[in-house]
Number of protein chains: 2
Amino acid sequence: MALSPARVRIYEVAQAAGVSIATASKALNDTGRMAEETRQRVRQVAAELGFRPNAMARALLSKRSFTIGLLTNDTYGRFTLPLMAGVSEALVDEGVSVFLCTIEDDPQLARVHVDALLDKQVDGIIASGKRIDRRLQVDLTNLSIPVVYAFTEGPDDAVRLVSDDAQGAREAVQWLRGLGRRRIVHVTGPGSFASVQERTGAFREVVGPDGQVLFGNWSEAWGHEAVRRLWQASASQPDAIFCGNDQIARGVCDALRERGVSVPAEVSVVGFDNWEIVAAATRPPLTTVDMNLKQLGREAGRLVLALARGEAVTPGLRKLACQLVVRQSCGGGVT
Amino acid sequence: MALSPARVRIYEVAQAAGVSIATASKALNDTGRMAEETRQRVRQVAAELGFRPNAMARALLSKRSFTIGLLTNDTYGRFTLPLMAGVSEALVDEGVSVFLCTIEDDPQLARVHVDALLDKQVDGIIASGKRIDRRLQVDLTNLSIPVVYAFTEGPDDAVRLVSDDAQGAREAVQWLRGLGRRRIVHVTGPGSFASVQERTGAFREVVGPDGQVLFGNWSEAWGHEAVRRLWQASASQPDAIFCGNDQIARGVCDALRERGVSVPAEVSVVGFDNWEIVAAATRPPLTTVDMNLKQLGREAGRLVLALARGEAVTPGLRKLACQLVVRQSCGGGVT
DNA sequence: CTGAAAGCGCTAACAC
DNA sequence: GTGTTAGCGCTTTCAG
């Protein structure tokens with residue numbers, strides 16, 4: 001398809017079509033006015049010759065490069081990849097490509113990457129991370145190009161996108177209640193995370209202010225430990241555990257099985273993240289909350305693009321709905 | 001730092017330094033000859049003004065865009081992200097940025113992405129995937145820019161990079177033998193995978209041609225099943241299990257524990273991939289083979305860059321060494 | 001040793 | 001309707 005022999009320039013198209021360069025340009029860009037017949041002929045010729053306009057030349061002139069940068073400090077890719085997929089999906093058709101820059105938490109490296117992006121005249125930047133309550137280690141204010149913050153903290157007056165943790169948690173807990181569960185406990189990560197607070201808040205909103213919450217870290221090991229504590233206590237044991245992430249949920253499921261407590265017959269378990277590798281391998285497979293990161297990415301892509309085009313976008317925080325994915329750890333749903 | 005007020009162009013630098021544009025350009029690029037004093041002064045001024053050359057203009061002239069494209073069909077990112085990190089690391093300092101394109105297995109989408117990359121005049125493309133014995137759904141031959149294949153199949157005469165599965169497997173099995181294990185079994189994925197064949201070959205090379213190999217799929221469930229089969233058989237049970245990936249290894253460890261077989265006291269287990277989320281959460285944490293994907297990425301980056309510069313690179317397959325990461329599932333190592 | 005001038009490939013006023 | 005002309009910001013001969 002794409003041939004190596006020196007790219008054909010608009011000049012040869014014009015020649016072949018018997019028009020001037022300017023006319024060819026207009027024909028190809030649907031600008032100016034000319035006989036429809038001429039326009040078609042030029043296009044025809046261009047197609048035959050396999051003409052592809054030089055993006056550099058075009059960018060130099062138009063100040064738009066049809067590229068954007070995606071900055072992230074999530075080296076693992078747990079959050080970034082789905083997001084990236086969404087961004088990319090929203091932008092390919094518009095002809096814009098995405099530079100991915102992993103900046104870890106190194107301000108120097110971040111600076112280098114941002115400078116490189118700026119040099120390349122990206123039309124916009126999407127800043128993303130692995131925590132919605134932490135900022136990237138770079139100052140992105142006062143850039144001359146638009147910035148959208150997705151799944152990371154940003155200035156109040158910026159366009160920001162996060163998943164609606166509270167809504168997701170609410171949905172999960174309501175699902176448990178709908179299944180008839182009444183003694184629901186929340187086992188989650190460190191209380192210092194905004195997402196933990198959001199989810200905890202929503203949890204208590206549904207089960208009442210006395211709802212029991214165990215804070216720990218994000219690991220499977222903590223899931224085990226939490227179960228040990230709960231079952232060791234003399235008080236009545238829970239009939240449902242809503243976990244702060246899938247790893248904790250997996251630990252909880254394993255620990256319960258090892259204790260001879262049946263999931264979901266005796267206890268229902270819900271996770272958070274829908275991290276396939278964890279959720280699907282858990283026994284039984286986890287019912288869990290998906291943050292729709294791909295959708296979030298699509299939205300972020302759409303928004304930078306709009307901003308880059310100079311369209312007005314209302315600044316502020318946008319929360320995107322999460323979705324409960326039903327597998328087998330709660331009972332209910334498809335059997 | 002980076003200010004929005006209209007970018008400063010080389011013209012203002014020249015003005016401020018009291019030289020012509022041409023001289024300024026030469027001073028900045030270390031070309032041409034001029035009084036060292038002049039050169040320094042220009043640089044000084046450029047720095048003060050925060051001058052950053054317009055990459056578009058430069059690219060238009062030099063035919064080099066200082067960008068490359070990374071194509072992958074690994075939507076999950078298990079292999080792509082570490083690779084990407086390496087590529088990026090090798091290239092940031094050279095001022096080249098990376099377009100990440102996830103093409104899934106859709107030829108149409110792939111075409112769109114490649115065309116976009118070509119339009120943007122990328123200096124080269126790195127094709128990567130999730131299997132070393134499958135090609136991407138795009139024809140990348142006959143492009144006018146260099147292509148490097150990393151962790152994916154490519155034409156014989158292309159520059160190709162893969163991890164050395166055989167060496168990695170050999171290392172793992174030798175480690176087990178060094179620990180005194182003699183009845184080693186290999187539990188792995190589908191025999192149709194080239195990497196499975198490589199690893200199996202190396203396994204038999206070390207333990208002898210009669211070494212027992214169980215083929216299945218890449219899941220934890222298969223690890224469970226394999227243990228069931230092995231312990232159900234009347235023959236003597238293995239004292240070590242070398243697994244085709246970490247998920248299988250995790251399944252194996254869980255199954256053994258459930259049977260009351262102690263890991264590593266009675267049976268040693270080795271995984272493959274060093275997928276942190278799986279390897280570290282396994283009880284006990286997995287000793288496993290790391291494919292050094294980041295290193296592979298660095299190498300791929302270095303190579304496209306060399307090719308883009310017109311340097312000669314010997315085509316053919318390059319195998320990069322894997323490395324055994326010792327945790328606790330084998331005994332031995334740090335205690 | 002330095003500067004004037006040409007031009008990379010394309011688009012956009014303005015003439016014809 | 002179509003073509004001529006002037007650049008976008010930079011590098012690079014080639015005179016001076």
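Proteins get letters first, then strands, A, B, ... in listed order; numbering begins at 1 in each.
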Tell me: [atom1] of [X] to [atom2] of [N], nearest whole Å?
| X | N | atom1 | atom2 | value |
| --- | --- | --- | --- | --- |
| A:Gln40 | D:dG1 | CD | P | 16 Å |
| A:Arg64 | C:dA12 | CZ | P | 13 Å |
| B:Asn54 | D:dG7 | CG | P | 18 Å |
| A:Arg33 | C:dA12 | CZ | C1' | 15 Å |
| A:Met56 | C:dC10 | CE | P | 12 Å |
| B:Gln121 | D:dC10 | CD | P | 18 Å |
| B:Met34 | D:dT12 | CE | P | 12 Å |
| B:Ile21 | D:dC8 | CD1 | P | 10 Å |

Determine whether A:Arg41 and A:Thr38 make a side-chain contact, defined as any pair of heavy atoms from C-beta on separated by less than 4.5 Å.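 They are in side-chain contact.
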Any side-chain heavy atom of B:Val114 within less than 4.5 Å of one from B:Leu118?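 Yes, close enough: below the 4.5 Å cut-off.
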Just to be sure I understand the rule, does [X] reach a base, reach only the sugar-phosphate, or reach nothing, if contact means heavy atoms closer than 4.0 Å?
| X | value |
| --- | --- |
| B:Arg58 | sugar-phosphate |
| B:Ile10 | sugar-phosphate |
| A:Leu61 | base |
| A:Thr31 | nothing |
| B:Ser62 | nothing |
| A:Ala35 | sugar-phosphate |
| A:Arg9 | sugar-phosphate |

Does A:Ser65 reach the main-chain N or O of A:Gln121 with its side chain, forming a donor-acceptor pair under 3.5 Å?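 Pair found, side chain donor or acceptor close to backbone of A:Gln121.
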Of the nucleotides [options], which has the atom closest to the [X] side chain?
| X | options | result |
| --- | --- | --- |
| A:Thr23 | C:dT11, D:dT2, C:dC8 | D:dT2 |
| B:Ser25 | D:dT11, C:dG3, C:dC8 | D:dT11 |
| A:Lys63 | D:dT12, D:dT11, D:dC8 | D:dC8 |

Indicate, yes or no, whether a donor-acceptor pair under 3.5 Å links the base of C:dG3 to the side chain of B:Lys26.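 Yes, the side chain and the base share a sub-3.5 Å donor-acceptor pair.
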Below the 4.0 Å mark, does C:dC1 have OP1 or OP2 next to a side-chain nitrogen or oxygen of B:Thr38?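 Looking at the OP1 and OP2 atoms of C:dC1, neither is under 4.0 Å from any side-chain N or O of B:Thr38.
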Will you find, in the side chains of B:Arg298 and B:Gln295, an N or O donor that is under 3.5 Å from an N or O acceptor?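 There is such a pair (donor and acceptor under 3.5 Å, judged by atom type) between the side chains of B:Arg298 and B:Gln295.
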Please determine whether a side-chain nitrogen of the Lys or Arg among A:Glu299 and A:Arg318 lies less than 4.0 Å from a carboxylate oxygen of the Asp or Glu.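 No, A:Glu299 and A:Arg318 are not salt-bridged.
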